[in-house]
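Here's the structure we're looking at; comments come further down.
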Amino acid sequence: MDFLSIKFLLFLFGSILIVYRSPIPYRISIVFPLLNVLFIFTFINHLTALIPLACFLLAGFLSIRLVVAFPYKSTFIAVTGFVLLIFIYLKKYAFLSFVHFIDWPYLSVGLSYILFRMIQILVDVHQQAIQEKVTLASFFNFCCNFLTFVSGPIQRYQDHKIQEAALGQKALTETEVFHCFSRMIHGLLKVVILATVCNNYHQWFVEGGLQGSAIEGSVLFLCRKFILASLFYALYLYFNFSGYMDIVISFGKLLGFQLPENFNQPFESRSFLDFWTRWHITLADWFKFYVFNPFLQLLAMKWPSRSVVPYLGVIAYFFTFLLMGIWHGSSMTFLIYGLFLGAGVSINKLFDVLMRKYFSKPYNKFIDHGLSGLLGSAFTWMYFSMALSSFWLDYSDLIGLITKLKIKGFVLSFLLGGIICAVVIGLFRLVRKLLLGFPPYWLSMAGNFYISRAWVTFQLLLVIAFGFYGFGDIPDFVYKAF
Amino acid sequence: MKNIFRQAAVILIFLGGWYLFSLFLSYHFYPGHVAVDNSNTEPSSKIKNSIFLSDSADDLFGFWGIKSGPKRMIILGASNAQEGILPSVLHQQLPDFTVYNASVGGSNTTQIRQIVDVIRMSNPGSLKGTIFILGVFFGTFVNDDSQVGHVLWQGKNITLLQLEGLRYGFYRPNDKTLELTINPSLMPLTVQLIRPLLFWDIFFFDLRVDYADFWERLHSKKANQVETMTEATKEGAVTNWKKLGNLKDFAEAPEMDDFVSFCRELNQSGASVVVVDLPLPQWLRDRSEYYKKYVIQRNLYLNEIKKIPRIQYLDVDARLANTPDINFLDSSHPSKETAKLWSEQIASFIQAEHNSLGF
């Protein structure tokens, strides 16, 4: 289903009507699963496209039952490995080129997110953090919740269960409802207008010299193109993904779901480590709980000295983010993305460990300084933008660019791009400070019933005007592909 | 749930308010609702009185707002016809005619034919009393696969006009033609109803980089400024034309035949036609293999169209004894003064040939 279609809008409001009007006992067992099935059906043209997804879900459900029936470590490892293997097979990873894949078209949307949910239940059931029986309906509703099916946010099963039980039962005030609509429209504005414009400019710079045989010119010329293409892509991704989250989270709220936030002002990150507490938060948290922590524990068991633990953390960070990068896609470029992320966080962690060890006082003073915060945000954003080039360059173009730019070119791009980011973020913060400095009277006007509704609907009018004309221009959700 | 639907209703009411306000603004700032006509003294690429922003949209929607008079002249062609034939000058010399420049950048015969289809749809019936001025040059005879006015959409090669039609949803491409998706009788009203959206879209137009493709860069960004034609820019222009396709596929019998049959169709609809061969700079004529091939091949269509009644051919270049290179802004677009000169020549020619053109 196209998320920016009338069909989707009708589905949303139809589901509100159905959920609120249906008898409470049937909401979880019948109504919600039916809505989820209906939603999934909108992605397919033929029933056969659902077979792999159905098998994957069934394998996941049976694995949970096996872990409950045979609560041994070996069972847990075997079934988790089995689920992972099915996932890798269905995602057609490039390194499995020798394997014969299913040759009919099937639904792969949401597979990664379903895997995260399955592993979370498996781990928590194995560790007895989930004690109650996981029923088929609950499992299906959790894995295929239409609100989070495509691109998350990744919710914990326990949280999902609590909210599912209260589905459509919370009476929202008019102000709460308006805030939901307001956020939804704000999300649409991000997805339809801001993301599209950023993507257009990104394409402009890519097509102007960063693709195929067009990768020519001086290092400075390529750096300029690379910096601008990278920054516009990162902005595009931010608006695209966070806009989608705004729509999903606010709509979830209308139904009574309190979905977790996935973004928390990533432009305010003071370091690359801080960035991952603000960007795709639920994914980073998942990797923290289910990869980083167990891996660090494993390393700590092997090298139990307390003095080495911070350095083991550096290794665990590298491994976790390498894996997270690889998760994003099945081609070789995502290995490079993972290496970029792994290097970023581990160098950041190592720098932090060493500075705290040897220059504790001046370092603490330095990180509290406003300028270091600004530079931290700017260079973090630039580094992340450069890492994202794996998303928009294919393997040969990426290698072509690396060959042309060499380390010198990448360092130059990082420094120049960082300075550009520092100026832009600095200006953004200045404008925000000025706006917040307005007399309280003006600020209170924004809360006025008529002004707030007029402002929100004006945004909606702009979205419709842009979207109406922008046929074919508005990019799909990037994370839908993962 | 009541609160949800109540707030949704409030939002719809406010949205309705904005819609009406925007409708008012659209009429206030863009009272004209016609395709580029002779009230424009500027070249038609500088569309200022239209809310439709692009030349293609102006044709697709502008003609639905025109109550056509008995005598009208419609200029068709690519951007050099858009820049080079001024409706105001033609109207000055032929005041009985209302003159429209409906040319669309990057047009070949397929796209020109589609514009005529739209004119027919918006004004069903005979085209009697209409004179079509077809501004041609070698680019008119590039085949559909290579033409700059074509784009790939869902794996199909479609024209910019078809793409523009798709954007609004009121037209859909049907092979090489355009089809209306709504009842034609509703179209004049629909065109009025979308004005509020079009009004706000004006602010977004420059943000649409998809418009800044090769053609737009050549046309919109450069066409109205004098470009310093260095050796490198000249070579660049020649190379750009070469990129369009193979010389062997260009200006061959199918393209020429298509043009001739198009002229025949116009004639059968009761219209008169003036085929105007538009001048090109000498440096391009010397270097372009496309131009040289076109000069050889054009006799193919000239011999045929001369046999069709109410159709005349005018070679502007021959009439002016060559347009000096300095009068061109780039590889094909004339300066405003040159455009005036060309337009005067065309008007005099039409005046002189009024009997054979049938008016």
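Predicted model, so just to flag it, every value in this text is computed and none were measured. Just so it is clear: chains get the letters A, B, ... in the order the sequence lines come, proteins before strands, and each one is counted from 1.
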Rounded distance [0.5 Å steps], CD1 in Ile464(A) versus CH2 in Trp18(B):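 Separation between the atoms: 13.0 Å.
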Side chain / backbone / both / neither for Leu17(A) at chain B, heavy atoms under 4.5 Å: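 Backbone plus side chain of Leu17(A), per the 4.5 Å heavy-atom cut-off to chain B.
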Sorted by number, residues from residues 2-12 of chain B in contact with chain A (heavy atoms, under 4.5 Å):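 Contacts with chain A: Asn3(B), Ile4(B), Phe5(B), Arg6(B), Gln7(B), Ala8(B), Val10(B), Ile11(B).
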Which atoms of Ile194(B) approach chain A - backbone, side chain, both or neither, heavy atom under 4.5 Å: side chain
Check: Phe466(A) main-chain N/O paired with Trp200(B) side-chain donor or acceptor under 3.5 Å: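 No.
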Pairs flagged by salt bridge (charged side-chain N to carboxylate O under 4.0 Å, His left out) wherever residues 182-205 of chain A is involved - sequence neighbours left out: Arg183(A)-Asp246(A), Arg183(A)-Glu261(A), Lys190(A)-Asp246(A)
Phe14(B) and Phe449(A) aromatic ring geometry - parallel, tilted or perpendicular at 30°/60° bounds: perpendicular
Exceeds 12 heavy-atom contacts within 6.0 angstrom, atom CG of Leu220(A): no
Where Leu461(A) and Ser22(B) come nearest, the two heavy atoms and their spacing: CD2-OG, 3.5 Å
